[in-house]
Amino acid sequence: MKRNIVIAVVTAAALVGGGTATALAVAGDDDDTTSVTRTDDDRDDRSEDRSDDRDDRGEDRSDDRDGDDDDGAVRAAAGGVTAAEAITAALKHTPGTAVSAELDDGSWEVDVLAGGDTWHTVRIAPDSGKVLGAQKDDEDDAAEVRAALKGASVTAGDAAKAAAAKGTVVSVDLDDDGDDRGWEAETRASGGDQRDWSVGLTTASVTADRDDD
């Protein structure tokens, strides 16, 4: 006997759990009929589940990128130009007093207080030590910096070398506030652990930063 397959879709205006029900009837051999009822609520639930999954994956990727940024800073410093070497290269290009050096956005950025109380930021390649660029900055704290460094025998480069005994130095900066003036250095371990250190202006002694305890 010849088989006839008839598929009929019937849309009912019935209210099921606050949603509209759609009935799907499938007829096979004469009397065998299978019906499936789906509701708008079912579709909404599946849509919300997919949206939640996307949000979770997005958060995971963001966390991974944050970790990659930290690891990238460590690899760039450990595998190439050190903070002290970046400072030396920056001062060769722009003579003056190095006040800070930071590994940021794939390059060393060294702030130099030059003659006439003018500020310059010199960018150094972390793999070759070449100068990538330099720009003049508008800063007005030259007097405070010179006062903080008066009588100091330890330069930013010296502080970077001293702190290197504690880990890979990714930044060094002058703290010219209050009575506890000195150099602040940040180091990173291979696992990404970050530590802050204080380096004396006259002795180059390295101690753990009290705020980091």
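This structure is a prediction, so every number in the text was calculated from the model and none was measured. No hydrogens, no waters, no symmetry mates; every other heavy atom, side chains included, goes into these values.
Shown here for A148 and D176, the closest heavy-atom pair between the two residues is CB-CB, 3.5 Å. Nearest heavy-atom pair, A89 versus I124, reported as atom, atom and distance to 0.1 Å: CB-CD1, 4.0 Å. When every heavy atom of R195 is checked against every heavy atom of A208, the shortest pair comes out as NH2-CB, 3.8 Å. V199 approaches A162 most closely through the heavy-atom pair CG1-CB, 4.4 Å. Across all their heavy atoms, S107 and P126 have their closest contact at CA-CD, 3.8 Å. Heavy atoms only, all atoms of each residue included: A84 and A160 are closest at N-CB, 3.9 Å.
Between the CD atom of Q135 and the OG1 atom of T94 there is a distance of 11.0 Å, given to the nearest 0.5 Å. Within the model, atoms CZ of R188 and OG of S171 stand 8.0 Å from one another, a figure rounded to the nearest 0.5 Å.
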Task: Steps toward side-chain contact (heavy atoms from CB on, under 4.5 Å) verdict (R181, L201) - done: CA-CA 8 Å; R181 296 177 178 179; L201 289 174; 4.1 Å; yes
Task: T97 vs V145, side-chain contact (heavy atoms from CB on, under 4.5 Å): CA-CA, chis, key distance, verdict - done: CA-CA 10 Å; T97 301; V145 169; 5.8 Å; no
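Looking at heavy atoms from C-beta onward, V154 lies out of side-chain contact with T202 at the 4.5 angstrom threshold. Side-chain contact between L174 and W183: present, with at least one pair of heavy atoms (C-beta onward) separated by less than 4.5 Å.
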Using residues 112-121 as the side-chain source, report each donor-acceptor pair under 3.5 Å to any protein atom, sequence neighbours left out, with the distance given to one decimal.
from : atom 1 : to   : atom 2 : distance (Å)
D117 : OD1    : R146 : NE     : 2.8
D117 : OD1    : R146 : NH2    : 3.2
T118 : OG1    : G115 : O      : 3.1
T121 : OG1    : D111 : OD1    : 2.9
T121 : OG1    : D137 : OD2    : 2.3

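In summary, of the residues considered (V172, D158, V99), a side-chain contact (heavy atoms from CB on, under 4.5 Å) with I87 occurs for V172 alone. Considering T207, T187, D209 in turn, T187 is the only one that fulfils the side chain to side chain donor-acceptor pair (under 3.5 Å) rule with W197.
Here the side chain of W108 pairs no donor or acceptor atom with the backbone of A90 at under 3.5 angstrom.
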